[in-house]
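Here, residue 1 is the first one in the sequence, and each next residue gets the next number.
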Amino acid sequence: MPRVKSNFGEEYAIFLATLRRSRENSGRTQTDVAEFLKRDQSVVSKCERGERRIDVIELRDYCQAIGIELRTFVDILEKEITQATSVKASLKVKKRSSR
């Protein structure tokens, strides 16, 4: 079976995981967020799975729905991406040195 190319890269995958984790940490459900946004729960689910991209205005509204500021979410996201990048870089170095 041929590999399916992802519609987004590693950083967007980190964004999606951070989005979902932030919602879960807030104690809100997808239904809670959907009601706040006046959308169907399926829209929130699709955004969190990456089936539907989310723009910055929607992200701001999403953050309001889960009770955090946009800048707080962005700070968390930056830390997650930096950490993933650091781990990936260190793995490359270890792999080269083991040759």
- Task: I would like to know whether Phe15 and Ile81 meet side chain to side chain contact (heavy atoms under 4.5 Å, CB included); could you show each step before the answer?
- Result: CA-CA 8 Å; Phe15 165 75; Ile81 291 172; 6.0 Å; no

- Item | Arg21 and Glu80: CA distance, side-chain angles, deciding distance, side chain to side chain contact (heavy atoms under 4.5 Å, CB included) verdict | CA-CA 12 Å; Arg21 189 172 39 260; Glu80 294 289 331; 3.5 Å; yes

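The line from CD of Glu51 to OG of Ser45 is 7.0 Å long, rounded to the nearest 0.5 Å. Atoms CG and CZ, from Leu59 and Arg53 in turn, are 12.0 Å apart once rounded to the nearest 0.5 Å. Note that CG of Leu77 is 15.5 Å distant from CZ of Arg71, once rounded to the nearest 0.5 Å. Taking OG1 of Thr18 as the start and OH of Tyr12 as the end, the distance is 11.5 Å to the nearest 0.5 Å. Once rounded to the nearest 0.5 Å, the distance linking CD1 of Ile14 with CD1 of Ile76 reads 14.0 Å. Glu11 CD to Leu16 CG: the interatomic distance, rounded to the nearest 0.5 Å, is 12.0 Å.
Judged by distance alone, with hydrogens and angles left aside, the side-chain atoms of Asp32 form a donor-acceptor pair with the main-chain N or O of Thr29 at under 3.5 Å. Here the side chain of Thr72 pairs no donor or acceptor atom with the backbone of Ile68 at under 3.5 angstrom. Judged by distance alone, the side chain of Arg28 and the main-chain N or O of Ile66 form a donor-acceptor pair under 3.5 Å.
Looking at Tyr62 and Glu48, their side chains come closer than 4.5 Å, going by heavy atoms from C-beta outward. Taking 4.5 Å as the limit, every side-chain heavy atom of Phe73 sits out of range of all side-chain heavy atoms of Arg60.
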Solution key, residues 35-44 side-chain donor-acceptor pairs under 3.5 Å, sequence neighbours excluded:
from: Gln41; atom 1: NE2; to: Gln30; atom 2: OE1; distance (Å): 2.5

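Atom CZ of Arg52 has more than 12 heavy atoms from other residues, nucleotides or ligands within 6.0 Å.
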